[in-house]
Amino acid sequence: MPEQRLAIIGGGPKAAAIAAKAACLRDLAELPLEVVIFERHEIGAAWSGNHGYTDGQQRLCTPAERDIGFPYDSQLADGLGSELQVRFSWMAYAIAKGSYGDWVDRGRPKPTHREFADYIAWCIEDAAPVRFGEVTALKHRFGRWSVSYSDLATGSPKRESGFDGIIVTGPGPQSTRLPQVADHRIFDGVGLWLPGIVVAAAQRAAESPDDPVVIIGSGGTAAATAAALVRAQVQNEIIVLGNQAALYARADSYFENRAFRDPKFWSALSAGDRRIFSDRLTRGAVWSNVVDLLAQVDTIDYLQGEAIRVRHDPVGDPAGVLMVDYRTSADPDGVIAQPASVVIDATGFDPWWFRSLLSKTLADQTLREPVMRSTMASDLSLPLTGAPRLHVPMVGQAVGPAYNSLMALGSLSDVILRPYVEAALT
Ligand SMILES: Cc1cc2nc3c(=O)[nH]c(=O)nc-3n(C[C@H](O)[C@H](O)[C@H](O)COP(=O)(O)OP(=O)(O)OC[C@H]3O[C@@H](n4cnc5c(N)ncnc54)[C@H](O)[C@@H]3O)c2cc1C
């Protein structure tokens, strides 16, 4: 059988899901599938609290049972679901760590992000080799990819070749939707979470107690940021400024949840209905337990408005007052200036960050983002001309609603591995 080699950029839950399933397929069905993971910091870096995105202490919004194999209904090989459950499930992990009984007795709490990072690392340790270093380029030749990276230990450039497919993971860096202004009172949804930075933001807010902290954004990061500032004892008013009418709450519901793992249901929806579903349940939606928490804090307010820029007043004076200019949906021509002690840009991340790793010819193709999204293949690879498969699940919502989250990592690994399993069997 021809060997199939895959490279995964990023050592997070998607890498764990794909590597674990490939390991089970190797052992159960003797399929020659090799997976190599490239990670710039540490496994679970976006969850540990050591590298931004979170302080590691927050809990997942999704339950532990939505682990890297959920929903364990793989069609790729007989007995695959059971093998995966026994070796790589959250339950297997808790048993291996001796904490299963305790976890059940405590009411099966959602893991903290730090605990989740430890679970991912445990899975990957048994599933795939990791090359530590920042990936700097993805090139292809004769139908195979090569990955260039800067070795974490030595800093020296390295290259590994011969990959049939590449999977890019991660939400990406902070998006730059707003013009960038350098100021020590401005933070973003990645950097705010680096060790010590929430406390620094709270101290800067205390220097201008009469001006509110303004958080720009209306999704999960904005809500988590508001909650973290309250925990850091910020006394200023906190304004969450979002372009939606409200912080929309998302609750657990069978009818919504099952759409994440039911491809038949999804394929029956029009493109418009898919977009409405995704907007309602993923983008710009905050889990109801977080919304309830924020609603109990009377210093937090939500304002509808689209931020246009953050600036100094007077303009260009870095010692001046911080201002957030925004417009409301009712008056799109008017500009309102909101003074702020501290500003946090929580407008989201850039899932197309990997463009800078590609050749100009391929990068230019990815600029047609709406076309890329709507014509993505069922295996979550981009419709790139002349290149081997490049899977980007974080932009795969037109194919399925679960692919940019933890909602059905077992389905995600199935759709990505399927073409390689078929190739290995021919
Ligand atoms: C704080 C936070 C909490 C979330 N909570 C939930 C939740 O509770 N439930 C849910 O369903 N979804 C949640 N999401 C959304 C979503 O699940 C994740 O963003 C996404 O699925 C993360 O998994 P991943 O494997 O794609 O990437 P990540 O876990 O983000 O891993 C990507 C990795 O890539 C590495 N990397 C980046 N660039 C390079 C490079 N050039 N070279 C090498 N490595 C690189 C990073 O260091 C990182 O470790 C959350 C997102 C965030 C940011």
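Whatever order the structure lists them in is the order used to number ligands and atoms, beginning at 1.
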Cation-pi, F187 ring and R204 (6.0 angstrom, 45 degrees) =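 So R204 doesn't make the cation-pi contact.
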
Cation over ring face, R131 and Y149, 6.0 Å, 45° |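 Not satisfied by the 6.0 Å and 45° rule.
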
To which protein heavy atom is [atom] closest, and what is the distance rounded to 0.1 Å?
| atom | value |
| --- | --- |
| atom 25 (O) of ligand 1 | K14 N, 2.9 Å |
| atom 41 (N) of ligand 1 | V135 O, 3.2 Å |
| atom 49 (O) of ligand 1 | E39 OE1, 2.6 Å |
| atom 11 (O) of ligand 1 | L406 N, 2.8 Å |
| atom 9 (N) of ligand 1 | T62 OG1, 2.8 Å |
| atom 13 (C) of ligand 1 | W47 CH2, 4.0 Å |

Distance from S359 atom OG to D364 atom CG, nearest 0.5 Å?
-> 8.5 Å

Report the relative orientation of the aromatic rings in W266 and F277; use parallel for angles under 30°, tilted for 30 to 60°, perpendicular for over 60°.
-> perpendicular

If you look at every heavy atom in R280 and E256, which pair is closest and at what distance?
-> NH2-OE2, 3.8 Å

Looking at ligand 1, does [X] have a heavy atom less than 4.0 Å from it?
| X | result |
| --- | --- |
| F354 | no |
| Y149 | no |
| R59 | no |

Would Q397 and N404 count as a side chain to side chain donor-acceptor pair (under 3.5 Å) if you check the C-alpha gap in whole Å, the side-chain angles of each, and the deciding distance to 0.1 Å?
-> CA-CA 7 Å; Q397 277 178 298; N404 65 349; 3.3 Å; yes

Mark whether atom 52 (C) of ligand 1 lies under 4.0 angstrom from at least one protein heavy atom.
->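 No; the ligand atom in question lacks any protein heavy-atom contact below 4.0 Å.
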
Look only at interatomic distance and state if A15 has a nitrogen or oxygen under 3.5 Å from any nitrogen or oxygen of ligand 1.
-> no

Could you tell me which atoms of ligand 1, counted from 1 in the order shown, lie closer than 4.0 angstrom to a heavy atom of A45?
-> 47 (O), 49 (O)

Would you call L241 and Q338 a side-chain contact if the rule is heavy atoms closer than 4.5 Å?
-> no

Partner of N257 under side chain to side chain donor-acceptor pair (under 3.5 Å), picked from T62, D262, D252, is D252

For ligand 1, note which part of R66 has a heavy atom under 4.0 Å away: side chain, backbone, both or neither.
-> neither

